[in-house]
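A quick write-up on the structure given underneath.
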Amino acid sequence: MKRVVVVAGALLLSMGVVVAQQDVVKSTQMQMKATGKALGGTLAPMMKGEKPYDQAAVNEALKTLEDTAKKMPMMFPASIKTVKFEGDFNTSPKIWDDAAGFKAKTDEFAKAVSDAKAKIKDLDSLKANFPAIGKSCSGCHETYRVKNS
Ligand code: HEC
């Protein structure tokens with residue numbers, strides 16, 4: 001009887017771990033989607049002149065990017081290494097196998113965002129600072145993000 005209880009307890013515990021992993025994956029994915037929206041839905045169209053420049057919207061988008069930069073060190077814990085993300089993109093195992101390289105990309109991103117936040121005041125400064133942000137996204141994606149087949 002005791003053994004059954006222990007086994008059931010262990011099962012529950014491992015189910016708990018799976019649920020926790022799924023929660024992390026979901027919030028990581030939501031954060032990345034919000035990041036994509038801030039860049040692709042707000043900053044890029046303004047920069048291209050498809051949307052009028054709007055400082056409040058720019059500030060909001062930069063706040064989202066800053067939030068992502070702050071959360072990044074917690075967004076990819078080792079416990080999700082083998083979890084498959086649903087949708088178009090997945091994590092590369094290199095995030096954990098090359099943790100120093102990944103951290104360098106996280107730092108580059110955080111720096112690009114804080115530089116931009118200090119400088120973007122109008123359309124010209126948006127145009128001047130946008131490329132560094134975009135580069136810091138793709139700089140990480142090209143190595144640490146993979147496409148789901
Ligand atoms: C330090 C690494 C890193 C940086 C910097 C980074 N990303 Fe990501 N991104 C990832 C990884 C890993 C994934 C795959 C896991 C996922 O989908 O969440 C991803 C996924 C995404 C996705 C797909 C989300 C989904 O599941 O549909 C979008 C959109 C995205 N990133 C946008 C951005 C934008 C825009 C920036 C820059 C402003 C950025 N990312 C910066 C690592 C990064």
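For ligands, and for the atoms within them, numbers begin at 1 and follow the listed sequence.
- Protein atoms that are N, O or S and lie under 2.8 Å from atom 8 (Fe) of ligand 1 are these: M32 SD, H141 NE2.
- With sequence neighbours left out, A118 forms a side-chain contact (heavy atoms from CB on, under 4.5 Å) with no residue at all.
- Each of F89 and Y144 belongs to its own hydrophobic cluster when Ile, Leu, Val, Met, Phe, Trp and Tyr are linked at side-chain heavy-atom distances under 4.5 angstrom.
- Close contacts of ligand 1 with L39, meaning ligand atoms under 4.0 Å from a residue heavy atom, involve 35 (C).
- Here K111 does not pair with D107 in a salt bridge; the nearest charged N to carboxylate O distance is not below 4.0 Å.
- You'll find the ring centres of F102 and F76 inside the 6.0 Å limit.
- Proximity to I95 (heavy-atom distance under 4.0 Å) selects the following atoms of ligand 1: 12 (C).
- You'll find the side chain of M32 stays beyond 4.5 Å of the side chain of R145, heavy atoms only.
- Ion pair K81/D97 flagged as a salt bridge, since at least one NZ, NE, NH1 or NH2 atom sits closer than 4.0 Å to an Asp/Glu carboxylate oxygen.
- Checking only distances, K33 does come within under 3.5 Å of ligand 1, N or O to N or O.
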**Report entry** Full working for side-chain hydrogen bond (donor to acceptor under 3.5 Å, both in side chains) between N90 and N148
**Finding:** CA-CA 6 Å; N90 218 330; N148 274 335; 3.0 Å; yes
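- Residues L39 and C137 form a side-chain contact, since some pair of their non-hydrogen atoms from C-beta on lies under 4.5 Å apart.
- Judged by distance alone, the side chains of T64 and D67 never bring a donor and an acceptor atom under 3.5 Å apart.
- At a 4.0 Å heavy-atom cut-off, ligand 1 does not touch Q31 at all.
- In terms of protein heavy-atom proximity, atom 15 (C) of ligand 1 is closest to F85 CE2, 3.6 Å.
- Distances below 4.0 Å separate heavy atoms of M72 from the following atoms of ligand 1: 1 (C), 2 (C), 3 (C), 4 (C), 5 (C), 6 (C).
- When hydrophobic clusters are built by joining Ile, Leu, Val, Met, Phe, Trp and Tyr residues whose side-chain heavy atoms come closer than 4.5 Å, directly or via intermediates, L65 is grouped together with Y53.
- The single protein non-hydrogen atom nearest to atom 26 (O) of ligand 1 is Q29 CG, 3.1 Å, given as residue, atom name and distance.
- At a 4.0 Å cut-off, at least one heavy atom of S136 sits close enough to ligand 1 to count as contact.
- The distance from ligand 1 to the heavy atoms of F76 drops below 4.0 Å at these ligand atoms: 11 (C), 12 (C).
- Residue contact check: N90 has heavy atoms under 4.0 Å from atoms 14 (C) of ligand 1.
- Grouping the Ile, Leu, Val, Met, Phe, Trp and Tyr side chains by contacts below 4.5 angstrom, directly or via other members, places V83 apart from M74.
- When non-hydrogen atoms are compared, ligand 1 lies under 4.0 Å from the backbone of Y144 (N, CA, C, O) but not from its side chain.
- Listed by number with element, the atoms of ligand 1 under 4.0 Å from a non-hydrogen atom of T106 are 1 (C).
- Within the structure, ligand 1 lacks D88 among the residues with a heavy atom less than 4.0 angstrom away.
- The closest side-chain heavy-atom distance from T68 to M72 is below 4.5 Å.
- Between K84 and V25, every side-chain heavy-atom pair lies at or beyond the 4.5 Å cut-off.
- For the ligand labelled ligand 1, residue T68 lies outside the 4.0 Å heavy-atom shell.
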